[in-house]
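When reading the values below, keep in mind they use all heavy atoms of this one structure, side chains included, and skip hydrogens, waters and symmetry mates. Positions are given from 1, in the same order as the sequence printed here.
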Amino acid sequence: MENKEKIEFAGLPLAVYREIAVHLRQVEGVEVDLIPQLSQEFDYNQSQIGGLWISWTANSGLESRQRVNEILTYYQNRYLVF
């Protein structure tokens with residue numbers, strides 16, 4: 001059974017989203033896809049990416065989920081604290 005979770009960080013640059021995706025793909029049982037930005041209007045304050053889809057596969061366990069939470073918390077603290 002596979003679960004999907006959408007992660008969004010408003011205003012995060014494309015490069016950072018890609019870095020997060022690469023980091024998360026190293027966790028066992030986790031697959032990550034970038035969600036394109038759906039806005040029709042360009043805005044410098046808006047990210048080029050709409051978010052991430054994190055898919056949890058059958059072989060992902062509690063340890064994988066904890067690791068993903070640690071990674072996401074790291075990036076939140078590093079890039080989203082003003």
Q: Look up atom CH2 in W53 and atom CD in E5, then write down how far apart they are to the nearest 0.5 Å.
A: 9.5 Å
Q. S64 side chain to V27 main-chain N or O, any donor-acceptor pair under 3.5 Å?
A. no
**Q.** Heavy-atom check, side chain of I20 versus side chain of L12, under 4.5 Å
**A.** yes
Q | Spacing of D33 atom CG and R25 atom CZ [to the nearest 0.5 Å] | A | 6.5 Å
Q: Heavy atoms only: give me the nearest F9-Y17 pair and the separation to one decimal.
A: N-OH, 2.8 Å
Q. When rounded to the nearest 0.5 angstrom, what is the spacing between CD in E28 and CZ in R67?
A. 13.5 Å
Q) Between G29 and S60, which heavy-atom pair has the shortest distance, and what is it? A) O-CB, 3.3 Å
Q | Counterpart residues, side-chain hydrogen bond (donor to acceptor under 3.5 Å, both in side chains), relative to E19 (two or more places apart) | A | Y75
Q: Check I49 against I35 and note the closest heavy-atom contact, atom names and distance.
A: CG2-O, 3.3 Å
Q: Let me know which of V22, V68, L52 forms a side chain to side chain contact (heavy atoms under 4.5 Å, CB included) with V32.
A: L52
